[in-house]
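Small disclaimer: the values here were computed from a predicted structure and weren't measured. Read the numbers this way: they start at 1 and go in the same order the structure lists the ligands and their atoms.
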Amino acid sequence: FICGLNVLSRRYASTDGSFHPRRSLLYIPGNDERKIKKASSLNADIVVLDCEDGVALNRKKEAREVISNVLNTTSFGSSEVAVRINSVDAEKLALEDMNTFMQSLTIPTTLLVPKVEHARHLEWINDKIFPVAKTLKPEVKLKLIIFVESALGLLNLREILEAGVDETNLFNLEAVVFGSDDFFANIGATRTHDAKELMFARQSIVIHCKAFGLQAIDMVHIDFKDLDRLKEESIEGARMGFTGKQVIHPNQIDIVNEAFSPSPEKIEWARELVAAFEQQSSEGIGAITFRGQMIDMPLVKQAFNVLTMAKATKSK
Ligand code: 1VU
């Protein structure tokens, strides 16, 4: 049993061994200081200061300066603070982003890298982007979150993640984000209300992430005034196995946090199941029943995941 728990505690773990829930991942354009400052009073699990799609080409420099300044002067409470740099394809911009942030007094602990399509992109990130961090801040091992936003990225995801979780990397890969809008454009799909045209891609991302012990972050709901659909889509994503969802507006945060948090009933179920499992296995009983059902290890693991998430989000 203990062995099982050790396996579980490695899943989704951070560099420091702790678990960071990322139920809601809030984007803020990096050059919009007003919105960035507002984020410190919001309840997002992770705040993403964006240098990529949320910022026009002629505003990139300004965005870097605003972000560096804000990192040094603003507290974001219990929210994790991350920066989305430009993509591997925009090599020069990505390196300029990284050089600026690593010279800040306070550096972001988590980097988001968009549009990853090949395992060699991960190698480039490790060889070109992270050495900047290693040189300038040798004491910190940064966390990495990557985006899948194209057919090629999805097809190559297994090799990408194999390269990503290599322990010799300079970063700790923790999550994959589904970049649904670029994905739509890339495959030439037409968006429908219930997004059924994305179902295969979403399931595929969940499965790849789970196979490598990573968090899976679901698509963004861009119609930010339609909160009813956001709720449905968030519940659906959580049921599919996603661990969080991207958001673009403060009004989306609470709905998403709730959908990706275990309910009180689920927590009670998990507590009782783990207790029953521990007691009955200590008595040497092989076939274990709980509430009339047979318990096996996958169910115990599920229960343990529920308790881990409940503990991590308790104070939020
Ligand atoms: O009441 P206040 O004036 O103090 O605040 C406004 C507004 O500033 C604030 N707010 C935000 N604060 C932090 N982070 C945000 N993302 C954010 N969005 C808004 O909330 C108060 C109410 O805002 P509002 O309802 O008047 O909305 P706005 O017209 O100000 O803004 C709407 C947009 C959509 C422009 C805004 O929410 C936004 O910029 N969102 C992020 C967009 C983005 O980053 N897109 C790229 C990433 S998503 C992606 O790549 C996949 C498609």
Looking at ligand 1, does Ala39 have a heavy atom less than 4.0 Å from it?
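No heavy atom of Ala39 comes that close to ligand 1.
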Do [Y] and [X] meet the salt-bridge criterion of a basic N to acidic O distance under 4.0 Å?
| X | Y | answer |
| --- | --- | --- |
| Arg191 | Glu197 | no |
| Lys38 | Glu33 | no |
| Arg271 | Glu268 | no |
| Arg23 | Glu258 | no |
| Lys143 | Glu174 | no |

Counting heavy atoms only, which of [options] comes nearest to [atom]?
| atom | options | answer |
| --- | --- | --- |
| atom 51 (C) of ligand 1 | Val220, Asp32, Val55 | Val220 |
| atom 19 (C) of ligand 1 | Arg34, Lys35, Gln246 | Lys35 |
| atom 37 (O) of ligand 1 | Ile248, Leu49, Leu42, Val177 | Ile248 |

Given the ring of Phe183, does Arg202 sit roughly above its face, with NZ or CZ under 6.0 Å from the centre of the six-membered ring and within 45° of the axis?
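Output no; distance or angle outside limits.
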Do you see a protein non-hydrogen atom under 4.0 Å from [atom]?
| atom | value |
| --- | --- |
| atom 9 (C) of ligand 1 | yes |
| atom 29 (O) of ligand 1 | no |
| atom 34 (C) of ligand 1 | yes |

What distance do Arg64 atom CZ and Asn86 atom CG have between them, rounded to the nearest 0.5 Å?
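Atom-to-atom, Arg64:CZ and Asn86:CG are 7.0 Å apart.
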Could you list which atoms of ligand 1 come closer than 4.0 Å to a heavy atom of [X]?
| X | result |
| --- | --- |
| Tyr27 | 15 (C), 16 (N), 41 (C), 44 (O), 47 (C), 48 (S) |
| Arg84 | 47 (C), 50 (O) |
| Ile28 | 14 (N) |
| Leu26 | 14 (N), 16 (N) |

Begin with the C-alpha distance, continue with both residues' side-chain angles, and end with the deciding distance and a verdict on side-chain contact (heavy atoms from CB on, under 4.5 Å) for Gln302 and Trp269.
CA-CA 11 Å; Gln302 237 186 62; Trp269 166 85; 3.9 Å; yes
Ranked by distance from atom 32 (C) of ligand 1, the top protein heavy atom is Phe224 CZ, 3.8 Å
What protein heavy atom lies closest to atom 21 (C) of ligand 1? Include the residue and the distance to one decimal.
Lys38 CE, 3.8 Å
Ignoring hydrogens, what is the shortest heavy-atom contact between Ala259 and Ser234? Give both atom names and the distance.
CB-CB, 3.5 Å
Decide whether an N or O pair under 3.5 Å exists between His249 and ligand 1.
yes
